[in-house]
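Counting begins at 1 with the first residue of the sequence. First listed ligand is number 1; within each ligand, the first listed atom is number 1. In this text the structure is predicted, and so the values were computed from the model without any measurement.
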Amino acid sequence: MEIKKGIGVSPGVVISTAVVLDAENLVVPKRQIAPADVDAEAQRFSAMLAKTLEDRTHLRDDVAARQGDQIAGIFDFHLGILRDKSLIDQILAEIRVRHSTAEYAVSTVMHKYADVFTKMSDRYMSERGKDVHDVERELLRRLIGQNRPDLLHLTSEVVLIAHDMLPSQTAALDRTHVRGFATDAGGRTSHTAIVARAMGIPAVVGLADITAEVNGGDMVILDGNHGVVIINPDEQTITEYRESERRRLKVESDLAALQGLPAQTLDGYLISLQANIEFPEEVDDAIHRGAEGIGLYRTEFLFLAKEREPSEEEHYGAYSDALLRLKKRPLVIRTVDLGADKYTQGRAANPERNPFLGNRSIRMCLHDIPMFKRQLRAIMRASVLGDVRIMFPLISTLMELRQAKMVLNDVMEELEDEGISFNRDIPVGMMIEVPSAAIMATQFAKEVNFFSIGTNDLVQYTLAVDRTNERVAGLFCPGHPAVLELVRDVIRKGTRGNVGVSMCGEMAGEPLYTLLLLGLGLTTFSMNSPDIPEVKRIIRSTTMEHARAVARRVMSFDSERQVMHYLRDETRKIDPEAF
Ligand code: PEP
Ligand code: MG
């Protein structure tokens with residue numbers, strides 16, 4: 001039995017058999033064929049290529065049927081590689097001219113091809129190197145005659161072990177059979193983690209070398225609540241975990257009873273709990289779990305499955321789909337927040353030394369007005385279909401906000417000229433996720449209708465901790481007194497300036513911080529849907545008076561350790577089942 005500690009990014013415990021991805025680095029020795037066999041070898045390759053193309057096309061259609069076209073589009077890139085004429089010609093030349101085996105030709109040519117992507121400093125393009133490797137391994141397995149664990153045709157429950165998972169791969173997982181996953185890389189607020197939570201798949205990331213420690217077929221316990229993976233556990237450990245899982249399921253069914261009840265404190269203060277989504281289809285689950293609306297729609301995920309920017313119609317289709325499902329409940333559409341760890345498209349592939357401090361988010365939109373306008377037009381057209389609000393991400397200066405609003409005004413004028421109806425009074429808000437915006441909240445409050453505090457980035461930029469880097473994940477803490485001071489001030493300044501203040505960073509969904517945020521005066525919390533019932537239970541177990549007293553005490557501490565210990569104790573006092 002071996003215990004590995006990582007970062008629990010999506011709660012839940014799974015005891016199951018492991019399937020290891022990325023562990024099989026197929027070694028292809030350099031071998032030559034006789035000149036007389038060259039034609040047969042080229043034919044062997046071509047036949048295998050055709051079969052792979054056929055199977056990947058089926059895979060794409062399969063995923064489209066299960067998860068929708070948006071996710072299935074990820075496989076279009078794979079199909080593009082398999083159809084790339086110049087790549088195929090190079091492999092055939094390697095066979096015909098150098099008399100290499102088909103395996104060796106595929107391996108050398110595709111390695112070079114993948115390297116071109118991997119070396120790009122743009123994160124999106126560099127990630128595409130993994131897709132090339134994926135296709136390469138598929139071809140090699142077929143040529144060598146190995147079968148891979150087929151993730152789409154699993155028949156029993158498994159825990160997936162991988163070096164890293166793209167958010168897109170996570171979104172395409174077969175939820176019925178993949179019960180959880182563990183990875184070497186990753187951090188708490190990486191988008192993979194966010195997608196895992198949204199899908200309710202337990203996950204532990206940042207385990208450093210889990211792919212080297214686990215063999216396919218090993219029994220593992222994956223504990224997403226505590227960030228632990230136990231490899232080949234002994235009987236006693238399995239029994240203990242089964243017991244704690246039984247208790248957890250009981251708590252979950254108790255939480256289900258809360259779904260129809262309001263998020264109201266014992267002394268009658270009503271709080272609005274909303275959900276964060278990446279895809280319109282998530283709206284149904286969000287409502288089911290008690291969300292009163294969508295406080296953050298991360299629209300950059302519209303770019304997820306495509307090799308190109310979505311068209312105005314594709315934007316519009318997604319927004320109207322979400323609105324239809326919401327039936328008049330509010331929808332806060334955040335304009336695209338691309339760059340840094342999120343998907344940047346090929347066209348934005350200029351190397352940046354510090355992408356988190358670079359041309360990301362609103363900055364990228366203001367550098368590409370036609371793209372920005374296409375999205376704004378779609379949002380404005382959708383604004384007559386329901387309660388739509390618009391939100392700009394990563395605002396760091398007043399000028400940026402004013403520019404974004406000017407582009408929005410241009411779009412409104414254009415639509416008016418075209419006789420297209422829209423809601424001229426659409427509420428316009430901004431994310432507060434950069435310290436400069438938090439510090440200047442009073443000035444910003446004069447120019448927007450609402451704030452939403454994005455703690456994932458606010459913590460990252462306040463504490464200088466890369467939110468995706470597992471090596472510094474221990475330093476990423478929303479309970480740091482400096483972060484808390486900013487959060488308190490934003491709520492205060494926003495409230496005084498008469499703008500609504502909500503929070504949509506992960507902190508809003510962490511039960512540990514519920515009492516504190518309530519006491520600081522936060523009235524709208526937006527979180528991943530699975531977190532709603534537990535946050536609601538805490539709200540319903542306290543009075544506002546008590547929460548305010550807790551907040552006052554917390555704000556007197558000078559270390560995050562004190563903050564967290566105190567909050568843990570106070571929360572357990574009112575809700576012994578918490579955490
Ligand atoms: C945040 O930064 O807290 C946030 C909600 O935005 P994202 O996680 O999409 O960057
Ligand atoms: Mg952010």
>> Is it the case that the side chains of Q375 and T299 hold a donor-acceptor pair, with the cut-off being a distance below 3.5 Å and no angle test?
In response: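 Judged by distance alone, the side chains do pair up.
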At the 4.0 Å heavy-atom cut-off, does [X] count as touching ligand 1?
X	value
E506	no
M507	no
R467	yes

> Short question: side chain of Y513, backbone of L567 - any donor-acceptor pair under 3.5 Å?
Replying inline: no
>> Can you tell me if, anywhere in D337, an N/O/S atom lies at a distance from the Mg ion (ligand 2) that is smaller than 2.8 Å?
In response: no
>> If you count every heavy atom of other residues, nucleotides or ligands that lies below 6.0 Å from Y269 atom OH, does the total exceed 12?
In response: no
> Who's closest to atom 6 (O) of ligand 1 heavy-atom-wise, of R334, E278, R360, M527?
Replying inline: R334
>> E433 versus ligand 1: do any nitrogen or oxygen atoms come within less than 3.5 Å of each other?
In response: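 Yes - when backbone and side-chain N and O of E433 are compared with those of ligand 1, one distance drops under 3.5 Å.
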>> Quick check: of its N, O or S atoms, which one does E433 have closest to the Mg ion (ligand 2)?
In response: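 Distance check against the Mg ion (ligand 2) picks out OE1 in E433.
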Let me have the donor-acceptor pairs involving side chains of residues 397-406, under 3.5 Å, with sequence neighbours excluded, atom names and distances please.
{"residue": "T397", "atom": "OG1", "partner": "E400", "partner atom": "N", "Å": "3.1"}
{"residue": "E400", "atom": "OE1", "partner": "S396", "partner atom": "N", "Å": "2.7"}
{"residue": "E400", "atom": "OE1", "partner": "S396", "partner atom": "OG", "Å": "3.1"}
{"residue": "E400", "atom": "OE1", "partner": "T397", "partner atom": "N", "Å": "3.4"}
{"residue": "R402", "atom": "NE", "partner": "E447", "partner atom": "OE1", "Å": "3.0"}
{"residue": "R402", "atom": "NE", "partner": "E447", "partner atom": "OE2", "Å": "3.3"}
{"residue": "R402", "atom": "NH2", "partner": "E447", "partner atom": "OE2", "Å": "2.7"}
{"residue": "K405", "atom": "NZ", "partner": "E447", "partner atom": "O", "Å": "2.5"}

> Is the distance between the ring centroids of F557 and Y566 under 6.0 Å?
Replying inline: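 So the answer is yes for these two rings.
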Could you tabulate the donor-acceptor pairs under 3.5 Å formed by side-chain atoms of residues 518-533, not counting sequence neighbours?
{"residue": "S526", "atom": "OG", "partner": "A275", "partner atom": "O", "Å": "3.2"}
{"residue": "S526", "atom": "OG", "partner": "N276", "partner atom": "OD1", "Å": "2.6"}
{"residue": "S526", "atom": "OG", "partner": "G295", "partner atom": "N", "Å": "3.4"}
{"residue": "N528", "atom": "ND2", "partner": "E506", "partner atom": "OE1", "Å": "3.2"}

